Amino acid sequence: MTTPVCTSASDVAVPARLTRPHATYPSFSSYVKARQPVLLRTARSLTANPCDAEDLLQTALAKTYVAWERIEDHRALDGYVRRALLNTRTSQWRKRKVDEFATDEIPEPELTPGGGDPAEQQALHDAMWRAITKLPARQRAMVVLRYYEDLSEVQTAEVLGVSVGTVKSAVSRALGKLREDPELGMVR
């Protein structure tokens with residue numbers, strides 16, 4: 001069962017003690033303590049980010065605090081704060097930074113140094129990996145450790161449990177096979 005959020009003043013009998021100004025909430029802090037969860041839900045409905053909603057509510061409450069003494073009917077405080085929330089959010093929206101501008105010409109992206117077309121770079125990368133997978137397992141392991149993992153010849157030999165000379169000769173043979181690969185021949 002839901003309770004109505006807003007009721008008309010004519011539908012509710014208001015006790016005499018609530019008709020005096022400041023009778024409903026004797027202080028701003030008591031109002032904030034009592035109504036903050038409800039007002040925060042309203043702020044969350046105005047923004048997508050919960051942190052932005054908290055900031056929005058704090059700004060609206062600061063504006064309400066400044067006007068606290070001027071507000072005659074404290075039964076209408078929720079409406080006042082909601083209006084402050086909406087006005088503040090509208091102001092934020094209007095002041096947002098625009099990162100896109102309409103132009104007659106589309107700017108060309110800057111090329112990265114030492115590179116060309118990113119699609120060509122990706123094609124070369126893929127061709128290199130296909131050529132490496134054609135190598136025997138031991139040569140492939142040595143090439144990957146030596147050039148992709150950037151290990152020295154000594155470190156590669158230690159990892160694989162072979163001599164440094166074996167690493168040198170196997171890597172040399174592997175590089176020879178890669179130079180002869182027809183797919184990589186187009187790149188040279």
Side-chain angles (χ1 to χ4, degrees), residues 1-130 132-133 144-145 147-151 187:
M1 183 172 115
T2 59
T3 56
V5 175
C6 182
T7 58
S8 141
S10 62
D11 295 344
V12 179
V14 179
R17 65 180 174 78
L18 293 180
T19 57
R20 294 187 320 265
H22 307 292
T24 307
Y25 298 102
S27 69
F28 178 75
S29 62
S30 65
Y31 170 73
V32 172
K33 286 177 188 172
R35 301 302 294 165
Q36 186 173 13
V38 173
L39 296 171
L40 186 56
R41 278 195 303 270
T42 303
R44 284 189 178 151
S45 70
L46 295 173
T47 64
N49 185 344
C51 295
D52 291 341
E54 291 174 3
D55 291 343
L56 179 63
L57 178 59
Q58 289 301 315
T59 303
L61 288 174
K63 291 177 180 181
T64 304
Y65 179 77
V66 170
W68 185 257
E69 295 300 322
R70 293 191 319 256
I71 301 172
E72 293 178 13
D73 186 7
H74 278 211
R75 289 174 295 160
L77 280 171
D78 282 355
Y80 185 91
V81 175
R82 283 189 184 105
R83 176 49 62 185
L85 284 168
L86 186 60
N87 290 347
T88 303
R89 182 63 184 132
T90 303
S91 294
Q92 290 172 347
W93 177 79
R94 285 181 180 157
K95 291 177 185 175
R96 76 185 189 284
K97 183 180 176 185
V98 178
D99 291 334
E100 296 179 10
F101 300 98
T103 63
D104 292 334
E105 293 182 23
I106 298 175
E108 292 296 323
E110 294 181 25
L111 295 177
T112 57
D117 183 18
E120 289 177 13
Q121 290 177 351
Q122 185 62 42
L124 175 61
H125 182 267
D126 293 343
M128 180 61 76
W129 274 110
R130 281 192 300 275
I132 289 173
T133 58
V144 168
L145 288 173
Y147 295 103
Y148 283 91
E149 295 295 324
D150 201 25
L151 297 181
V187 177

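Just so you know, these numbers use all the heavy atoms, side chains as well, and skip hydrogens, waters and symmetry mates. Predicted model, so just to flag it, every value in this text is computed and none were measured. Starting from 1, each residue takes its place in the sequence as its number.
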- Message: Nearest 0.5 angstrom please: H125 NE2 to E120 CD, how far?
- Response: 15.5 Å
- Query: Are any of the side-chain heavy atoms of I71 and T64 separated by less than 4.5 Å?
  - Reply: yes
- Task: Output, in order, the C-alpha distance, side-chain angles, deciding distance and verdict of side-chain contact (heavy atoms from CB on, under 4.5 Å) for Y80 and W68.
- Result: CA-CA 10 Å; Y80 185 91; W68 185 257; over 6 Å; no
- Message: Give me the atom names and distance for the closest heavy-atom approach of L61 to L39.
- Response: CD2-CD1, 4.3 Å
- Message: Nearest 0.5 Å, please: how far is CD in E54 from CG in N49?
- Response: 9.0 Å
- Got a second to check how far W93's CH2 is from L46's CG, nearest 0.5 Å? 13.5 Å
- Query: Within a strict 4.5 Å, meaning less than it, do heavy atoms of the Q92 and T88 side chains meet?
  - Reply: yes
- Show the numbers, then the answer: is there a side-chain contact (heavy atoms from CB on, under 4.5 Å) between T42 and R35? CA-CA 11 Å; T42 303; R35 301 302 294 165; over 6 Å; no
- Query: CE of M128 to OH of Y148: how many Å apart, nearest 0.5 Å?
  - Reply: 5.5 Å
- Rounded to the nearest 0.5 Å, how far does CZ of R82 lie from CG of L77? 11.0 Å
- Counting distance only, does the side-chain N/O of R44 pair as donor-acceptor with the main-chain N or O of A53 below 3.5 Å? no
- Query: Atom CG in L56, atom SG in C51: separation rounded to 0.5 Å?
  - Reply: 12.5 Å
- Considering residues, nucleotides and ligands other than Y65, do more than 12 of their heavy atoms fall under 6.0 Å from its OH? no
- Task: Verify whether one side chain among D78 and Y31 offers a donor that lies under 3.5 Å from an acceptor in the other.
- Result: yes
- Message: Please determine whether side-chain contact (heavy atoms from CB on, under 4.5 Å) holds for the pair K63 and V66, giving the CA-CA distance in whole Å, both sets of side-chain angles, and the decisive distance to 0.1 Å.
- Response: CA-CA 5 Å; K63 291 177 180 181; V66 170; 5.8 Å; no
- Is any side-chain heavy atom of K33 less than 4.5 Å from a side-chain heavy atom of F28? no
- Please report the shortest heavy-atom distance between E149 and L145, naming the atom on each side. CB-O, 3.4 Å
- Query: Within a reach of under 6.0 Å around CZ of R130, are more than 12 heavy atoms found that belong to other residues, nucleotides or ligands?
  - Reply: yes
